[in-house]
Amino acid sequence: MSFAQQRFACIDPNRILQESQTARKAQEELRSKFQFYQKQLDEKAKKLEELKKQIESKAISQKMREEKIREYQKLETEAMEFQQKAQKELTELRIKTEDELTKK
């Protein structure tokens with residue numbers, strides 16, 4: 001008789017994460033950070049493309065070309081480091097956010 005009086009509840013954590021205002025806010029924060037980093041990377045890629053065109057131009061001297069090549073290499077290294085840093089930070093933020101939501 002007591003068995004029949006027990007009630008069971010089924011919780012769908014995916015639905016909670018999709019519909020929760022806290023989860024939406026966290027997702028928006030992640031999206032915002034991603035867009036910020038993406039914009040920065042796009043700007044660096046644009047600068048790299050401009051430098052590449054300058055390097056390939058026949059109108060510049062050999063000395064200027066070498067200077068542009070060094071500048072290109074430096075910017076390329078910075079862009080790769082920035083991308084790795086951004087990827088690491090976004091991953092850490094996503095994991096932290098998921099952990100906090102799971103605890104709540």
Side-chain angles (χ1 to χ4, degrees):
M1 192 61 110
S2 67
F3 181 73
Q5 294 176 345
Q6 290 182 353
R7 294 180 183 232
F8 293 94
C10 181
I11 299 174
D12 183 1
N14 290 329
R15 181 175 177 199
I16 292 171
L17 289 175
Q18 290 174 353
E19 296 178 9
S20 163
Q21 196 166 33
T22 305
R24 279 192 236 139
K25 183 178 177 184
Q27 288 173 347
E28 185 57 39
E29 182 182 342
L30 273 171
R31 194 174 301 115
S32 175
K33 281 253 189 214
F34 174 79
Q35 289 172 344
F36 168 77
Y37 286 130
Q38 188 62 50
K39 183 178 178 184
Q40 297 294 319
L41 287 170
D42 289 345
E43 289 175 8
K44 290 182 185 299
K46 186 177 178 182
K47 288 179 185 177
L48 284 169
E49 189 61 35
E50 290 172 9
L51 282 171
K52 185 178 178 182
K53 287 179 183 177
Q54 292 174 6
I55 291 168
E56 293 172 347
S57 171
K58 299 198 187 291
I60 65 171
S61 68
Q62 184 63 28
K63 184 178 178 181
M64 187 62 120
R65 180 175 281 120
E66 290 171 2
E67 186 179 313
K68 295 290 181 185
I69 289 172
R70 283 192 295 275
E71 187 178 344
Y72 181 91
Q73 290 170 338
K74 181 181 175 188
L75 185 58
E76 186 178 43
T77 301
E78 288 174 8
M80 288 184 349
E81 289 172 356
F82 182 79
Q83 182 180 15
Q84 290 172 347
K85 176 187 164 224
Q87 200 167 18
K88 180 180 177 185
E89 186 175 326
L90 287 171
T91 300
E92 289 173 355
L93 183 60
R94 181 184 55 79
I95 291 170
K96 179 184 170 192
T97 301
E98 287 175 357
D99 287 346
E100 289 174 0
L101 290 172
T102 302
K103 287 177 185 177
K104 284 184 181 183

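Hydrogens, waters and symmetry mates are skipped; everything else that's a heavy atom, side chains included, is used.
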**Report entry** Single-linkage hydrophobic cluster Ile69~Leu48, side-chain heavy atoms < 4.5 angstrom
**Finding:** yes
Report task. Quick one: pull up CE in Met64 and CD in Gln54 and give me the separation to the nearest 0.5 Å. Result -> 8.0 Å
Query raised in the report: More than 12 non-hydrogen atoms from neighbouring residues, nucleotides or ligands closer than 6.0 Å to CD on Gln87, yes or no?
Result: no
Requested in this report: Apply side chain to side chain contact (heavy atoms under 4.5 Å, CB included) to the pair Glu89 and Tyr37, showing each step before the final yes or no.
Outcome: CA-CA 10 Å; Glu89 186 175 326; Tyr37 286 130; 2.6 Å; yes
**Report entry** Glu71 CD to Glu50 CD distance, which is reported to the nearest 0.5 Å
**Finding:** 10.5 Å
Requested in this report: Could you point out which residue of Lys44, Gln38, Lys46 forms a side-chain hydrogen bond (donor to acceptor under 3.5 Å, both in side chains) with Asp42?
Outcome: Gln38
Query - Path from Ile60 to Ile55 over hydrophobic side-chain contacts below 4.5 Å - result: no
Query raised in the report: How long is the gap from CD on Glu98 to CD on Glu100, to the nearest 0.5 Å?
Result: 11.0 Å
Report summary line: Which of Lys88, Lys96, Arg94 passes side chain to side chain contact (heavy atoms under 4.5 Å, CB included) with Glu92? Answer is Lys88
Report task. Could you tell me whether Glu67 and Lys63 have a side-chain N and a carboxylate O separated by less than 4.0 Å? Result -> no
**Report entry** Leu93 side chain near Glu29 side chain, heavy-atom distance below 4.5 Å
**Finding:** yes
Report task. Determine whether more than 12 heavy atoms belonging to other residues, nucleotides or ligands lie under 6.0 Å from atom CZ of Phe82. Result -> yes
Requested in this report: Drop me the distance from Lys47's NZ to Glu76's CD, to the nearest 0.5 angstrom.
Outcome: 15.0 Å
Query raised in the report: Honestly curious: do Leu75 and Leu41 fall in one hydrophobic cluster under the side-chain, below-4.5 Å linking rule?
Result: no
Report task. Could you list the residues that satisfy side chain to side chain donor-acceptor pair (under 3.5 Å) with Gln84, not counting sequence neighbours? Result -> none
**Report entry** Exam field: side chain Thr77 to backbone Gln73, donor-acceptor pair closer than 3.5 Å
**Finding:** yes
